[in-house]
There are 2 protein chains.
Amino acid sequence: MSADPAVRREIPDATVARLPEYLRSLSRLAEQGVLSVSSEELSAAVGVRSAQLRKDLSHLGSYGVRGVGYEVDTLAFEISRALGLTQDWPVAIVGMGNLGHALASYSGFVTKGFRIVALFDDDPALRGETVAGVAIQPFRELRSRHGADPIAIGVIATPAAAAQTVCDELVEVGVRSILNFAPAVLSVPEDVDVRRVDLSTELQILAFHAQQKALAGLQPVGAAHALDGCVAHAADPEAVAT
Amino acid sequence: MSADPAVRREIPDATVARLPEYLRSLSRLAEQGVLSVSSEELSAAVGVRSAQLRKDLSHLGSYGVRGVGYEVDTLAFEISRALGLTQDWPVAIVGMGNLGHALASYSGFVTKGFRIVALFDDDPALRGETVAGVAIQPFRELRSRHGADPIAIGVIATPAAAAQTVCDELVEVGVRSILNFAPAVLSVPEDVDVRRVDLSTELQILAFHAQQKALAGLQPVGAAHALDGCVAHAADPEAVAT
DNA sequence: CTCACTTTGTGCATAGGTTCACAAACGTCT
DNA sequence: AGACGTTTGTGAACCTATGCACAAAGTGAG
Ligand SMILES: NC(=O)c1ccc[n+]([C@@H]2O[C@H](COP(=O)([O-])OP(=O)(O)OC[C@H]3O[C@@H](n4cnc5c(N)ncnc54)[C@H](O)[C@@H]3O)[C@@H](O)[C@H]2O)c1
Ligand SMILES: NC(=O)c1ccc[n+]([C@@H]2O[C@H](COP(=O)([O-])OP(=O)(O)OC[C@H]3O[C@@H](n4cnc5c(N)ncnc54)[C@H](O)[C@@H]3O)[C@@H](O)[C@H]2O)c1
């Protein structure tokens, strides 16, 4: 079984979470006309250790050349392929309030194979409105819309109170991947993948660290450097010369 | 030092990331008039194992009662205190485009001690506009505004090209905590805490898992359980059209 | 061809996180 | 008071992730 040569390697979650970063940096480099990059350079650009980058990439296969580095185009393609970005992902957004509008009009998605195919909102006031070329529909249209152009990823941007209901209906029509912006824990069958983005959580984590720093600063626990010079950029010791 | 009763224990990052979830569930329970909760109940509500919840809480101290559970109010307060939410955190948002507007008008922040004190945008078209009672100012006003009411947390919602510059200026006036929505890696002094939220990354992670599921579904590699009775509703077979 | 130099890919050690399983602590009932 | 069922808090095992260090594999010069 596992002796299959072309076996789907287990790519660790932590690695998967970093691949988009690598891909972004590679795209940037490609735009600049850079043809080849070493793990040292690329890792510096994304802010990780070079060993980590190499280990991450090793999970995809051997696409580097020893003594040389990685060909930018090749590596970008291989990461895209591993992430599944070489195919098309029809996305639907449910809840076209402030956040939904921002998401729908954001062009950053489209560049990576994500295509917004439907926008849903039950507010009659939004009926007929078009955002980025897609009309807003009542949520009950989900079934018919889904039949026409199956939705692969559902984005929930409704208030928390509606999130579980919306989620259930998305799951019912076959959506297996959900990105949830509502501050609610969604209950789904185990074959459905839910990721939650919560800005409030992020702020709270920042607050925690800020408080820790403040407390450390009051104690003479070696906070001598807390007031250091200033804005000297955190040039890592290994910041590579150009 | 370590004999200090109120010693600042090291709270693991993974735990800190979950504390806001616990707090949210506790707040919900408090609203419902629930006075006491067991680790089993609370963990079920947030979707983690009970042992994990207990271990997480043990880092804050012993606030449970054996054989009984946790008093909702007490636990909520202790988590709030650990996260630093018992104090006030002045927040500034830079970049009042689609996303900035959504963030500024979002009421979820305010409830937890976060107070939006300034909104910045260099676009003359936005001059004078007010969102949620706060006027949008040109970014160069940062210094004066900061002096009046020091900013603890800066939120960057500008295009990626402007993110580093904005970040530098925030750091220069003393902001030590930054939440970055722009798809850019920020370089900062090591005493500055940057968290990045990237919707595109989240979608890409979802796409990866969706692809893995699709591939596993095609191979009989022990996918027998994939058809378990979870989803009673036969979804369209994953359309893997090109 | 050989040597010197560069950079990848990876084995291994360390660190961090999760889960299990159970003794200790508590309330309650008799 | 003592026995009993419940739930916490935590040691220990297990799993995952990170960082180090180096052999292997390549390039290019002479
Ligand atoms: N705005 C932000 O910056 C922000 C930040 C963090 C989290 N959030 C969360 O994101 C979600 C959306 O935020 P928002 O600011 O856009 O809220 P909003 O109130 O502006 O928009 C919510 C939209 O959902 C629609 N809706 C409600 N129930 C629906 C249903 N059953 N089916 C379809 N549409 C429905 C409403 O008509 C409304 O247009 C909320 O859960 C909020 O907590 C928002
Ligand atoms: N809208 C989304 O859903 C979304 C999703 C993911 C990421 N993002 C990222 O968030 C950021 C903002 O997104 P958006 O959709 O709001 O973009 P936007 O173009 O609508 O808004 C950007 C705003 O920043 C302002 N700005 C530019 N340079 C500035 C400077 N130096 N100082 C102050 N203000 C400045 C502009 O005037 C504009 O109002 C972008 O980096 C985008 O990639 C947005």
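Chain identifiers are assigned alphabetically (A, B, ...) following the order of the sequence lines, protein sequences preceding nucleic acid strands; residue numbering begins at 1 within each chain. Keep in mind it's a predicted model, so treat the numbers as computed, not measured.
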Whole-Å gap separating C1' (dT8(C)) and CD (Glu71(A)): 16 Å
Residues that [X] engages under side-chain hydrogen bond (donor to acceptor under 3.5 Å, both in side chains), provided they are two or more places apart:
X         : result
Ser43(B)  : none
Asp193(A) : His209(B)
Ser80(A)  : none

Any residue of residues 35-53 of chain B with a heavy atom less than 4.0 Å from an atom of DNA chain D: Ser38(B), Ser39(B)
Using a 4.0 Å cut-off on heavy atoms, which residues in residues 14-33 of chain A reach DNA chain D? List them by number, or say none. Ala14(A), Arg18(A)
Side-chain atoms of Ser62(A) come closest, of dA17(D), dC12(C), dG9(C), to dG9(C)
Table of protein N/O atoms under 3.5 Å from nucleotides 24-30 of chain D N/O atoms:
from    : atom 1 : to       : atom 2 : distance (Å)
dA24(D) : N3     : Arg66(A) : NH1    : 2.8

Output all residues satisfying side chain to side chain contact (heavy atoms under 4.5 Å, CB included) with [X], sequence neighbours left out; order by chain, then residue number.
X        : result
Pro12(A) : Thr15(A), His59(A)
Val68(B) : Ser36(B), Val65(B)
Ser25(A) : Leu42(A), Ala45(A), Val46(A)
Arg28(A) : Gln32(A)

Table of protein N/O atoms under 3.5 Å from nucleotides 14-16 of chain C N/O atoms:
none

Can you tell me which residue pairs pass the salt bridge (charged side-chain N to carboxylate O under 4.0 Å, His left out) test with a partner in residues 52-79 of chain B, sequence neighbours excluded? Arg18(B)-Asp56(B), Glu78(B)-Arg81(B)
